[in-house]
**Student:** 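Next up is a structure, given as structure tokens.
Remember, it's a predicted structure, so these values are computed and weren't measured experimentally.
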Amino acid sequence: MKVKNILGERFKERAFEIESQNLMTRGGYMKQVGNGIYSLFTPAKRIQNKIEQILREEMDAIDGQEVLFPVVMPATLWQSSGRFESIGKELLRFKDRGGADMVLGMTHEEAAVQMAMNVAGTYQKYPFMIYQIQTKFRDEPRARGGLIRVREFTMKDAYSFHTSQEDLEAYYERCYRAYERIYARAGVPEVLAVKSDSGMMGGKVSHEFMLLCDIGEDSIVLCPECGFRANMEACDAITENEADETLAPLTEVFTGEAATIAEVGELLHVPDEKSCKAVVYQRNADDSYVLIFVRGDKEVNETKLTNYLKAEVHPAVDIENANLNAGNIGPVNLDTTATVLIDRSIYGATNLVCGANKPEYHYTGFTPARDLLADTEYLDLSKAVEGGICPCCGKHSLNVRRGIEVGNIFQLGKRYTEAMGMTYDAENGERKNPIMGCYGIGVGRLIASVCEARHDDYGPIWPITIAPWQVEICALRIDNPEVRAAADKLYQELEDAGVEVLYDDRPVSAGVMFSDADLLGAPVRVVISPKTLSRSAFELSARDKSFREDVAADTAAEAVRAKVAELIAAVNAKVPERM
């Protein structure tokens, strides 16, 4: 293809703060249609096609069968699983012309069960896995970062069905390895698998695949000592409290208008970790109050809270309705209608400062073991912290990093097959529910994530395996007949050899041509100009600046093909073996 024929404009001005969104907009990869909705130009579509091909090859290699589910589904399908009512506004609901309730698919567990139901009625059909690459829609309230977080997206989602937990676990490991291969083949072998929270998907075992990146929305907890990895939402928070030698009596003290942990701490000369703070939420369903007590230097993990309550929550408003004194709430002598929960970060602590449950007063000397009921339950509701205790090796070694989720896998169990009544005849004649796993990768997000990981100040540096074009020919001074003839000849030779080549024969300056080439990100560049021809050579260079050399004009096609093969081999060398 020739650059002059590509629809889309490339420009120099910075468009967005997030680099992938900035570079892919400036490079003519995508165009916004609406909030979180994009059209893709040819360069992005070519990358998408290559990623989809990798996905198909890896899913087929673990015995996957490609299918296609509908985007639009009747609400009855989601009602049968219970998710029509349990999922919030992210699920787009509407009525068809006949008045029937319908949904746009944001995920397809229900459709997978409906497809397999009644056609996999005997144990002899198991195990099997079906997958699709399909458009989905999630009415995301926080669309941001171009393709990083969108509302309409293309996703590879797979669903496996098994007759035993052992069989599911064995297949889960195969899919885990297939995902490692997918990311390595896409040029980002550094993607990490971390323990995750299953969320609305259900199931007890799940992993997210994370690309560490400063603009990532997820917090990843890592232990360099033992290799432990988890999403913040799923990481146990372990706190050690050293008991003071002397226990002070519980004493009511005047604190006036001091209300926050910082204000009270400054007034009473105590650090945050020697205080107990109250955090108030309300359930979304009925606005009932939930009150959590946590050590003053800790934060509540809302995902853990939601999982414990089995209900969505939001920060509370008008807490006076729960008979609470804002800024002076404490766990002693508390009279409230709220659900009260105690985080384990205060377990074993002594001589803390806490609210006294009346305006302008706090307690000092609060010791939970003495001042709370003996049967008080201490829950894990707080976040792990930098330098915190690793739940695996027990060392104070945790690191907290940002990451982009580029895939996830879940052991769903019988969550959907039981709810929807899918059964099969077991070998002993019993009717049983199949056990499920599910495995997803967002294609657009992976494209943007690779751009985040592989770019410089001038544009994306696409890995050769997913680059829109492998090679770009830059013909400087195309008005020169010798340059035109040499560039046309190389272009045709590479095309005939099956090399994916982009040819820039526009009559523009070298600065404009190279700037556009940087934005298009072809891994290999060939520059042909009167200057190179004067030494009977073409200049061969890498987009990542790892090499630059002259190659003889008459053997340039062979040299380019060899360099492309070398780069592909370098990517494949990091791909793990299949299980």
**Student:** Within 45 degrees of the axis of the six-membered ring of Tyr131 and under 6.0 Å from its centre: does Lys156 put its NZ or CZ there?
**Tutor:** no
**Student:** Is a salt bridge present between Asp101 and Arg93, judged by a nitrogen-to-oxygen distance below 4.0 Å?
**Tutor:** no
**Student:** Quick one: CD1 on Ile528 to CG on Asp504, what's the gap to the nearest 0.5 Å?
**Tutor:** 11.5 Å
**Student:** Evaluate Arg26 against Leu23 for side chain to side chain contact (heavy atoms under 4.5 Å, CB included), listing each step before the verdict.
**Tutor:** CA-CA 5 Å; Arg26 289 176 51 212; Leu23 295 176; 3.6 Å; yes
**Student:** Decide side chain to side chain contact (heavy atoms under 4.5 Å, CB included) for Met115 and Ile130; before the verdict, give the C-alpha distance in whole Å, the side-chain angles of both, and the deciding distance to 0.1 Å.
**Tutor:** CA-CA 10 Å; Met115 172 179 277; Ile130 51 180; 4.0 Å; yes
**Student:** Quick check: closest heavy atoms across Ala448 and Ser20, and the distance to 0.1 Å?
**Tutor:** O-CB, 3.4 Å
**Student:** Is there a donor-acceptor contact under 3.5 Å linking the side chains of Asp496 and Gln492?
**Tutor:** yes
**Student:** May I ask you to check whether Tyr29 and Phe41 place their ring centers less than 6.0 Å from one another?
**Tutor:** no
**Student:** Tell me if the centroids of the rings in Tyr176 and His207 come within less than 6.0 Å of each other.
**Tutor:** yes
**Student:** Taking C-beta and beyond as the side chain, do Glu472 and Val501 meet within less than 4.5 Å on heavy atoms?
**Tutor:** no
**Student:** Taking atom types as modelled, find out whether Asp157 and Gln134 have a side-chain donor-acceptor pair closer than 3.5 angstrom.
**Tutor:** no
**Student:** Among Val150, Thr25, Val33, which residue satisfies the side chain to side chain contact (heavy atoms under 4.5 Å, CB included) criterion with Tyr38?
**Tutor:** Val150
**Student:** Run the salt-bridge test on Glu109 and Arg415 with the 4.0 Å N-O cut-off and return the result as yes or no.
**Tutor:** no
**Student:** Look at atom CD of Glu549 and say whether more than 12 heavy atoms of other residues, nucleotides or ligands are closer to it than 6.0 Å.
**Tutor:** yes
**Student:** Is Leu519 close to Phe11 at the side-chain level, that is, under 4.5 Å between some pair of heavy atoms?
**Tutor:** no
**Student:** Under 4.0 Å between a Lys/Arg side-chain N and an Asp/Glu carboxylate O for Glu58 and Arg185?
**Tutor:** yes
**Student:** Does the pair Arg283/Glu312 count as a salt bridge with the N-to-O cut at 4.0 Å?
**Tutor:** no
**Student:** Nearest 0.5 Å, please: how far is NZ in Lys545 from CZ in Arg543?
**Tutor:** 5.5 Å
**Student:** Hey, would you say the Tyr179 and Tyr439 ring centroids sit under 6.0 Å apart?
**Tutor:** no
**Student:** Mind checking whether Tyr281 and Val300 have side chains closer than 4.5 Å, heavy atoms only?
**Tutor:** yes
**Student:** Report, as yes or no, whether the 6.0 Å neighbourhood of atom CZ on Arg46 holds more than 12 heavy atoms from other residues, nucleotides or ligands.
**Tutor:** yes
**Student:** At their closest point, which heavy atom of Met232 faces which heavy atom of Asn301, and how far apart are they?
**Tutor:** O-ND2, 3.0 Å
**Student:** Between Ser529 and Arg477, is any pair of side-chain heavy atoms under 4.5 Å apart?
**Tutor:** no
**Student:** Evaluate the salt bridge (Lys or Arg N to Asp or Glu O under 4.0 Å) criterion for residues Arg144 and Glu217: first the C-alpha distance (whole Å), next the side-chain angles of each, then the deciding distance (0.1 Å), finally the verdict.
**Tutor:** CA-CA 10 Å; Arg144 65 180 287 272; Glu217 294 182 319; 3.1 Å; yes
**Student:** Considering only NZ, NE, NH1 and NH2 on the basic side and carboxylate oxygens on the acidic side, decide whether Lys50 and Glu500 come within less than 4.0 Å.
**Tutor:** yes
**Student:** Salt-bridged, Glu110 to Arg83, with N to O below 4.0 Å?
**Tutor:** yes
**Student:** Quick one: are Gln32 and Ile37 in side-chain contact, heavy atoms under 4.5 Å?
**Tutor:** no
**Student:** Can you tell me how far CZ of Arg56 sits from CD1 of Ile54, rounded to the nearest 0.5 angstrom?
**Tutor:** 12.0 Å
**Student:** Of the non-hydrogen atoms in Leu211 and Ser449, which two are nearest, and what is the gap between them?
**Tutor:** CD2-O, 3.2 Å
**Student:** Can you name the nearest heavy-atom pair linking Cys235 to Ala384, along with the distance?
**Tutor:** SG-CB, 3.8 Å
**Student:** Quick one: does NZ or CZ of Arg445 land under 6.0 Å from the six-membered ring centre of Phe153, within 45 degrees of the ring axis?
**Tutor:** no
**Student:** Please report the closest heavy-atom contact between Val527 and Phe514, naming both atoms and the distance.
**Tutor:** CG2-CE2, 3.9 Å
**Student:** Would you name the heavy atoms of Val406 and Ile441 that are closest together and state the gap between them?
**Tutor:** O-CG2, 3.7 Å
**Student:** Is there a side chain to side chain contact (heavy atoms under 4.5 Å, CB included) between Leu520 and Arg10 once you walk through the steps?
**Tutor:** CA-CA 9 Å; Leu520 290 167; Arg10 281 152 293 285; 4.0 Å; yes
**Student:** Checking Tyr503 against Glu495 for the side chain to side chain donor-acceptor pair (under 3.5 Å) test, could you report, in this order, the C-alpha distance in whole Å, the side-chain angles of both residues, the deciding distance, and whether it holds?
**Tutor:** CA-CA 10 Å; Tyr503 179 17; Glu495 286 263 288; over 6 Å; no
**Student:** Side chains of Glu386 and Asn399: donor-acceptor distance under 3.5 Å anywhere?
**Tutor:** yes
**Student:** Does a salt bridge link Arg149 with Glu140, judged by any charged N lying under 4.0 Å from a carboxylate O?
**Tutor:** yes
**Student:** Applying side chain to side chain contact (heavy atoms under 4.5 Å, CB included), run through Met102 and Met73 and close with a yes or a no.
**Tutor:** CA-CA 6 Å; Met102 309 291 286; Met73 290 171 278; over 6 Å; no
**Student:** When you compare the side chains of Asn408 and Glu208, does any donor N or O come within less than 3.5 Å of an acceptor on the partner?
**Tutor:** no
**Student:** Any donor-acceptor pair under 3.5 Å linking the side chain of Asn231 with the backbone of Ala234?
**Tutor:** no
**Student:** Tell me, yes or no, whether the heavy-atom count around Arg14 atom CZ, taken from other residues, nucleotides or ligands under 6.0 Å, exceeds 12.
**Tutor:** yes
**Student:** Are the side chains of Met210 and Arg229 in contact, using a 4.5 Å heavy-atom criterion?
**Tutor:** no
**Student:** In the structure I gave you, are the side-chain heavy atoms of Met106 and Glu90 within less than 4.5 Å of one another anywhere?
**Tutor:** yes
**Student:** Determine, for Arg506 against Asp516, whether the closest basic-nitrogen to carboxylate-oxygen distance falls under 4.0 angstrom.
**Tutor:** yes
**Student:** Would you tell me whether Thr532 and Glu539 have side-chain atoms, one donor and one acceptor, within less than 3.5 Å of each other?
**Tutor:** no
**Student:** With a cut-off of 6.0 Å (strictly less than), are more than 12 heavy atoms of other residues, nucleotides or ligands near CZ of Arg561?
**Tutor:** no
**Student:** Nearest 0.5 Å, please: how far is OG1 in Thr135 from CZ in Phe69?
**Tutor:** 14.5 Å
**Student:** So, taking the atom named OG in Ser546 and the one named CD1 in Ile461, what distance separates them when rounded to the nearest 0.5 Å?
**Tutor:** 9.0 Å
**Student:** Find the distance between CD1 (Ile447) and CD (Gln48) and round it off to the nearest 0.5 Å.
**Tutor:** 5.5 Å
**Student:** Answer yes when Arg525 and Asp518 have at least one side-chain N-carboxylate O distance shorter than 4.0 Å, and no when they do not.
**Tutor:** yes
**Student:** Counting only heavy atoms not in Lys531, do more than 12 fall under 6.0 Å of its NZ?
**Tutor:** no
**Student:** Before accepting this row, confirm whether a basic side-chain N of the pair Glu173/Arg177 lies closer than 4.0 Å to the acidic partner's carboxylate O.
**Tutor:** no
**Student:** Could you check if a side-chain atom of Val313 sits within less than 4.5 angstrom of a side-chain atom of Gln282, using non-hydrogen atoms only?
**Tutor:** no
**Student:** Dump the intermediate steps for salt bridge (Lys or Arg N to Asp or Glu O under 4.0 Å) on Lys89 and Asp139, then the final yes or no.
**Tutor:** CA-CA 7 Å; Lys89 295 180 180 180; Asp139 203 2; over 6 Å; no
**Student:** With the threshold set at 4.0 Å, does a side-chain nitrogen-carboxylate oxygen contact exist between Glu299 and Lys383?
**Tutor:** yes
**Student:** Side chains of Arg402 and Ser219: any donor to acceptor distance under 3.5 Å?
**Tutor:** yes
